[in-house]
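Below is one structure, written out as structure tokens; comments come after it.
Since the model is a prediction, treat every value here as computed from it, not as a measurement. First the proteins, then the strands, lettered A, B, ... as listed; each starts at 1.
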Amino acid sequence: MPEVRFWLLDVMDAGEAVDLWGLGEDGRRLMIEVPFRSYFYLVPSSDYVKVKGAQEVDMFRMGKRVRCLRVEAQDDPSKEAEEMMSRGLGDAYGYDIRRSDLFLISTGLRPSAWTAAEAERVSSGAYDVYRSTGPPRSLEDRKDVPRIRILSFDPIYISRNASPRPERDPVAAVSIYDGSSAKTIAGDEQYVLRSFVEEVMRADPDVILGFQSNRVHWNYLSRRAENSGLRFSLGRDGSEPHGSVYGHVSIRGRANVDLSEFVDEVPEVKLERLEELSKYLGIEAPREAPEYFEIGELWEKDRRKLVEYFEWRVRAMFDVFSAISDYVFNLSSITGLPPDHVLTAATGFKVENYLMRFAELEARELIPPRKETRHVTYQGGIVLQPKPGLHRGIAVLDFKSMYPSIIIKYNISLETVDEGGSLRSGPPGFLPRALRRLLDERSRAREEEARYPEGSSERKVLDAKQRALKRIANATYGYTGWSGARWYAPHVAAAITAKGREVISSVISKAGEMGLEVIYGDTDSVFVSHDEGKVRELLRWVEESLGLEVKLEKIYRGVLFTEAKKRYAGITEDGELDVVGLEAVRGDWSEVAKRAQMNVLEVLLREESPERAEETAREWIRRVRAGNVPLKDLIIWKQLTKPIDEYEATAPHAVVAREMREKGWDVRIGDKVGFIVVKGAGKLHERVKPYFEVTADQVDWDYYAEKQVAAACGRVLEAVGVDESKLLSASKGMSLEEFFGK
DNA sequence: TGTAGGCAAAATCCATGCGACGT
DNA sequence: ACGTCGCATGGATTTTGCCT
């Protein structure tokens, strides 16, 4: 029988079989049908329990060997397993895993990686169809990525002074880009939608890129297509996009990637906009991008400019994808989640999918069913009270991957921690073994990476791989404390943090004994006076007596602390400024306050002149009082974290969101609401307006001077003995009213 | 379809107390 | 003498977004 080799793109449930979609070695696209039956394990309640057709197998439960029955499901494994349990036949495992997931978990096939299968060709057309004649297997050693065809798209909807709504507003145009030239299909809506479908079928992409496509566009376009009686055939087999589990949209035979979801992987990007993401990745973005509320107007007044912008967007999506695709594909093959699902899936599910694969394929550990469990909190890391002021010559030491290392070193796992929290000795547990594999693979990737020349594509791929492995390893501790996890184990999470507190405490005491001054510390880090010899000795001591790796992360020429934990700013020997936790790095402060604070910190740390820093702050306050700041620097962005009507307190951003909703703007959970504070009486929430409605004469400049700029600057100046009130009073200058009022 | 806990800060909420005022 | 209205005050609560 001939063997077909292909790069696995997606898996689809097909009743008695699963359909594997892939890119063939010969460059042709293909679909292979593989027969597959769902199955689950039953730990029988007694030796007399028999299940027809079931196979006896040895598995492990919490590290203990158990005899199990592997039961092939006739139809619905959940129903059949639950029925057996209710009849008292035993406990069932692995019955609530989606078929396509179970297929990947049990066969060890990896999406976004090479696969081989014995198969016969059934038909040949736009893509080849095969039927497998033997079990497919993963080609673990093959690491190249085939040439992938990509198409990006971005639709333009038209509505005036409100968000477009699919039941009302038509699709005016769709910009697309296939790597050669961007174009925009415009005209009558029927024509636009039909041409879009034709373009997709003609380009036949493996990956379709969009921004907010899962949340907005597929639903919008599908509804408009339905509305005009058009079949929206975008799948390789001509099927329409369909809602998959949890808000993700599936397009058969292609990977539907919503790039906006990548923002969750990058905490540095504070606003979920293509411009922000592009800038972060070093992709050129237009200096003045139109905002969503201007689109309707621009379509009427300056269509050329609008189209130019949308064509920039589809090209930028291409660039974004080429910057992140190695990472996405690696994350996909490590976790076993298909490339279009892996960004949509929350962290916990990424970890869980990896653990399930490890459980079934390597540990032979039974996979517990997901159940609703009450959330239990437990104690976390130690945070030291910082010594306030400006310190010179400070070394920052931190543990390398502290929690993963602790889990492995102290063998902390479900099998080794009892409910009381005490540790038992025993063979390496499930969690440590699963982590060990991730970390070993990561070291291998890093070693291999070093063998390739800087800038080579191999190096880039391996770097993406090691980052993806680190991401999963670091999230594993948190996973054990997540009440939604299959392997939810708060006592295990608590044992991990307890060990963490123990080791960091011993480092702190040792540093003190050695005569190093400890300035601050948080969870896995300590800030100490930088005495080179002693620091080196301390590092050696930690590695020898604790068996954990600590590194000299940074040396600050100067570092500034206030009395607050988790907030500081430092300057390194080579003049690089770090700002941590302070307003300047927060997404919910106005740009003017952030810039002013950053400016003050620069003067404080670079010039070490509190006087000049104070003067800098005064200048900013004067500028703001004079109203000499562009409006966009006054916007305060806050995320809507729940439905507008569920807020117990009258939060300013919720008030603005409600107002926007009433005017027809689509404001949803997760959206960031931008507002500006305007003049007026009463509470703050009575003086806020959507940022795009505010004019300069309405702005409450005093609010920005006092509650934003002075507050942010005062916070850092307080560390060098300058009082915020002094900052305000001296620069305020008495108004005439105040003067005569006295 | 939610990795975790620890933390700062702002705005709002709410109980409390005080004085002024009317009956 | 008593009730209550308005207002200030200060602590508790709500909310967000950061750090590791």
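- Remark: A485(A) pairs with E352(A), Y479(A), W482(A), Y488(A) by the side-chain contact (heavy atoms from CB on, under 4.5 Å) rule, at least two apart or across chains.
- Using a 4.0 Å heavy-atom distance criterion, H685(A) is classed as a sugar-phosphate-only contact.
- Taking for each of W482(A) and V376(A) the nucleotide of DNA chain B with the nearest heavy atom, the 5'-most of the two is the partner of W482(A).
- At a threshold of 4.0 angstrom between heavy atoms, the contacts of T650(A) are confined to the sugar-phosphate backbone, with no base atom among them.
- Across the protein-nucleic acid pair, Y568(A) atom OH and dC18(C) atom C1' stand 12 Å apart, rounded to whole Å.
- Non-hydrogen atoms lying under 4.0 Å from DNA chain C are contributed by K638(A), Q639(A), T641(A), all within residues 632-641 of chain A.
- Between K689(A) and E659(A) there is no salt bridge, since none of the side-chain N atoms of the basic residue sits less than 4.0 Å from a carboxylate O of the acidic one.
- With salt bridges taken as basic N to acidic carboxylate O contacts below 4.0 Å, one links D645(A) and R658(A).
- Rounded to an integer number of Å, the gap from Q385(A) CD to dC19(C) P is 18 Å.
- With respect to D101(A) and R98(A), a salt bridge is recorded, a charged nitrogen being found less than 4.0 Å from a carboxylate O.
- Residues D258(A) and T344(A) fail the side-chain proximity criterion, which asks for heavy atoms closer than 4.5 Å.
- Salt-bridge formation is not detected for the pair R433(A)/E365(A): no Lys NZ or Arg NE/NH1/NH2 atom is positioned less than 4.0 Å from an Asp or Glu carboxylate oxygen.
- Between the side chains of Q708(A) and E583(A), no donor-acceptor pair of N or O atoms lies under 3.5 Å.
- Base engagement by A346(A) is indicated by at least one non-hydrogen atom pair under 4.0 Å involving a base atom.
- A tilted orientation is assigned to the rings of Y520(A) and F561(A), their planes being inclined by 30° to 60°.
- T641(A) and Q639(A) share no donor-acceptor pair across their side chains, judged by distance under 3.5 Å alone.
- The ring pair (Phe, Tyr, Trp, His ring centres under 6.0 Å) test with Y691(A) is passed by exactly one of F675(A), W637(A), W665(A): W637(A).
- Using a 30° and 60° split on the angle between ring planes, F430(A) and W487(A) fall in the tilted class, from 30° to 60°.
- Within the nucleic acid shown, Q379(A) comes within 4.0 Å of sugar-phosphate atoms alone, with no base atom in reach, counting heavy atoms only.
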Restricting both atoms to N or O, compile the protein contacts to nucleotides 12-14 of chain C shorter than 3.5 Å, with distance only.
{"unit_1": "dT14(C)", "atom_1": "OP1", "unit_2": "E648(A)", "atom_2": "OE1", "d": "3.4"}

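- A nucleotide of DNA chain B counts as in contact with chain A when one of its atoms lies under 4.0 Å from a heavy atom; the first and last such, 5' to 3', are dT1(B) to dC13(B).
- Cation-pi check for K642(A) over Y647(A) is met; the charged atom lies under 6.0 angstrom from the ring centroid and within 45 degrees of its normal.
- Between the NZ atom of K554(A) and the P atom of dC19(C) there is a distance of 12 Å, rounded to whole Å.
- The nearest whole Å value for the distance from the CD atom in E646(A) to the P atom in dT16(C) is 12 Å.
- Here G478(A) lies in heavy-atom contact (under 4.0 Å) with a base.
- Going from atom NZ of K270(A) over to atom P of dT16(C) covers 16 Å, rounded to whole Å.
- Looking at heavy-atom distances under 4.0 Å, T377(A) makes contact with sugar-phosphate atoms alone, never a base.
- Within the nucleic acid shown, V351(A) has no heavy atom closer than 4.0 Å to any nucleic acid atom.
- In this structure, K672(A) places its NZ atom 12 Å from C1' of dC18(C), rounding to the nearest Å.
- Scanning residues 581-595 of chain A for heavy-atom distances under 4.0 Å to DNA chain C yields G581(A), V585(A), R586(A), G587(A), D588(A).
- A salt bridge does not link K371(A) with D96(A): every distance from a Lys NZ or Arg NE/NH1/NH2 to an Asp or Glu carboxylate oxygen is 4.0 Å or more.
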Just distance, no hydrogens or angles: give the donor-acceptor pairs under 3.5 Å from side chains in residues 397-407 of chain A, sequence neighbours left out.
{"unit_1": "K400(A)", "atom_1": "NZ", "unit_2": "E549(A)", "atom_2": "OE2", "d": "3.2"}
{"unit_1": "S405(A)", "atom_1": "OG", "unit_2": "K400(A)", "atom_2": "O", "d": "3.1"}
{"unit_1": "S405(A)", "atom_1": "OG", "unit_2": "S401(A)", "atom_2": "O", "d": "2.7"}

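- The distance from atom CD of E272(A) to atom C1' of dG17(C) is 16 Å, rounded to the nearest whole Å.
- Contacts of H375(A) with the nucleic acid, taken as non-hydrogen atoms under 4.0 Å apart, involve only primed sugar atoms and P, OP1 or OP2.
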| message | Please evaluate residues Y378(A) and T497(A) with respect to the criterion side-chain contact (heavy atoms from CB on, under 4.5 Å), reporting the C-alpha separation (whole Å), side-chain torsions for both, the decisive distance (0.1 Å), and the verdict. | response | CA-CA 9 Å; Y378(A) 56 88; T497(A) 55; 4.0 Å; yes
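- Rounded to a whole Å, the CG atom of D671(A) is 12 Å from the P atom of dG17(C).
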